[in-house]
Amino acid sequence: MSELVHETLEPVYEQVVSRNPGEVEFHQAVREVLDSVGRVVGKHPEYGRAKIIERICEPERQITFRVSWMDDRGDVHINRGFRIEFNSALGPYKGGLRFHPSVYQGIVKFLGFEQVFKNALTGLPIGGGKGGSDFDPKGRSDREIMAFCQSFMTELYRHLGEYTDVPAGDTGVGSRELGYLFGQYKRITNRYESGVLTGKAEAFGGSHIRTEATGYGAAFFVKEMLAARGQTFDGKRVVVSGSGNVAIYTMEKARELGGIVVACSDSDGYVVDDAGIDVALVQQIKEVERGRLAEYVQRRPSGRYVPKRQVWEVPCEVAMPSATQNEITGKEAALLVRNGCIAVGEGANMPTTPEGAQVFRDAGVAFGPGKAANAGGVATSALEMQQNASRDSWSREFTERRLEQIMVGIHERCYATAEEYGVPGDYTTGANIAGFKKVADAMLALGLV
């Protein structure tokens, strides 16, 4: 931070840390935004008078609840559920539910905070929120997952509504889980409100390409960053971390756009395939068979499996982290730069540490932060809300065109805002300021709510 920004906003950050002890991911997310929006404070003293920055760092509502459920053996389990309704200045709270053992208040709060700005960047009328549980769906039967989802929704339903809070899926929550959640909501309320959850199966109000949207959107954003530098995906080596939903569709779209996807990973290691990753095979192993990526090389002789190593050691021009937060540190970022990386598009939420992001900026790498690059998922969720509200269903082709238009618009807003504030090409600053200003202006207009 500059001295002026430090004097203005450092007390805000210190207050966030003291009021949210131990929530390091949330602290990191707030710090990154404050590092950017300090440039806005001098131009807009009205934000300071209304304490907009302090208010935007404090969730409007934090909900924590017990989730009791019974497994197939008759044993009772106790998990903890969360919903952070962070900011509704632009519309109903919107953001996914994550089921993973790592989930705790700080993770949900960081994701909800990021969601506020991400949703603002889409230009659509949605606020920001996030939720989830420390429940682990891995290895659980369909009946066990249904039992958990029903218990989870039995508490959460009272806080939801298409004009109040509209969750979607995230890690560990796909169309199966959303189906169970919606079924329980319908049972309890006696209302078929399809707009109360997004990411649903197409059979009961879901949108085309919602499953693919985050990955497709990230690829579209990188395409725009490359175009701003007079380049394309054509012939460029692409490395993607992860092998779940976001990674699979990032690889699919990057390949369609001309890239050569040469590596992807899971928590055990990575696969490199110089002939190009067989995305359909990865999808079969991970999403259908629910196996491990090591099985890839047993069916694809051109592949090579490297256990217990980071995929970022594979040389590439385009890196797309699509697994989890803080997976690219300064060390990995420096290695990517040395190996010729020119563009990074974050498919996951905050997968790059502040040190890693600084390495990319110093090296002149085009760096698309998650709140911009991975906004395609929530954008398509908002499109699903539009279809549900009008009792309509759009074609796959039309929905994908709308997604691409939204991602182009997000890139333009980030790029133009960075130029306006004297940091051309800095997509992080552009995204933070553009998202912040949109939310801040709405909060001013609404008064002290």
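All residue numbers in this chain count up from 1 along the given sequence.
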Chemist: Could you list the residues that satisfy side-chain contact (heavy atoms from CB on, under 4.5 Å) with Ala319, not counting sequence neighbours?
Modeler: Trp312, Cys316, Leu336, Cys341, Val344

Chemist: Can you classify the ring geometry of Tyr415 versus His411 as parallel (below 30°), tilted (30 to 60°) or perpendicular (above 60°)?
Modeler: parallel

Chemist: So, Phe135 versus Phe152, ring centres under 6.0 angstrom or not?
Modeler: no

Chemist: So, are Asp165 and Arg61 salt-bridged, with charged N and O less than 4.0 Å apart?
Modeler: no

Chemist: Is any NZ, NE, NH1 or NH2 atom of the basic residue among Asp274 and Arg237 found under 4.0 Å from an Asp or Glu carboxylate oxygen of the other?
Modeler: yes

Chemist: In terms of the angle between their ring planes, are Phe398 and Trp394 parallel, tilted or perpendicular, with boundaries placed at 30° and 60°?
Modeler: perpendicular

Chemist: Ion pair present between Glu404 and Lys223, side-chain N to carboxylate O less than 4.0 angstrom?
Modeler: yes

Chemist: Taking atom NZ of Lys286 as the centre, report whether more than 12 heavy atoms of other residues, nucleotides or ligands fall under 6.0 Å from it.
Modeler: yes

Chemist: Hey, would you say the Phe26 and Tyr104 ring centroids sit under 6.0 Å apart?
Modeler: no

Chemist: Judged by atom type as modelled, is there a donor-acceptor pair below 3.5 Å linking the side chain of Asp266 to the main-chain atoms of Leu293?
Modeler: yes

Chemist: With a 3.5 Å distance limit and no angle check, can you tell me whether Glu327 reaches the backbone of Thr324 through a side-chain donor-acceptor pair?
Modeler: yes

Chemist: Between Glu384 and Arg210, is there a side-chain N and carboxylate O pair less than 4.0 Å apart?
Modeler: no

Chemist: Hey, is Lys371 close enough to Glu32 for a salt bridge, meaning N to O under 4.0 Å?
Modeler: yes

Chemist: On a heavy-atom basis, which atom in Glu287 and which in Asn245 lie closest, and how many Å separate them?
Modeler: OE2-CA, 3.6 Å

Chemist: Taking only Lys NZ, Arg NE, NH1 and NH2, and the carboxylate oxygens of Asp or Glu, determine whether Glu289 and Arg299 approach each other closer than 4.0 Å.
Modeler: yes

Chemist: Is the NZ or CZ atom of Lys253 positioned over Tyr216's six-membered ring, under 6.0 angstrom from the centre and within 45° of the axis?
Modeler: yes

Chemist: Has Lys138 got its NZ or CZ under 6.0 Å from the middle of the six-membered ring of Phe99, at an angle within 45 degrees of the ring axis?
Modeler: no

Chemist: Can Gln62 and Lys109 be counted as having a side-chain donor-acceptor contact under 3.5 angstrom?
Modeler: yes

Chemist: Please determine whether a side-chain nitrogen of the Lys or Arg among Arg31 and Asp35 lies less than 4.0 Å from a carboxylate oxygen of the Asp or Glu.
Modeler: yes

Chemist: Check whether any side-chain N or O of Glu162 sits under 3.5 Å from a backbone N or O of Ala389 as a donor-acceptor pair, and report yes or no.
Modeler: no

Chemist: Looking at Glu23, is its backbone amide N or carbonyl O close enough to the side chain of Asn20 to form a donor-acceptor pair, meaning the two atoms are under 3.5 Å apart?
Modeler: no

Chemist: Short question: side chain of Thr122, backbone of Asn119 - any donor-acceptor pair under 3.5 Å?
Modeler: yes

Chemist: Does Lys51 reach the main-chain N or O of Gly48 with its side chain, forming a donor-acceptor pair under 3.5 Å?
Modeler: no

Chemist: Can you tell me how the ring of Phe117 sits relative to the ring of Phe113, calling it parallel under 30°, perpendicular over 60° and tilted otherwise?
Modeler: perpendicular

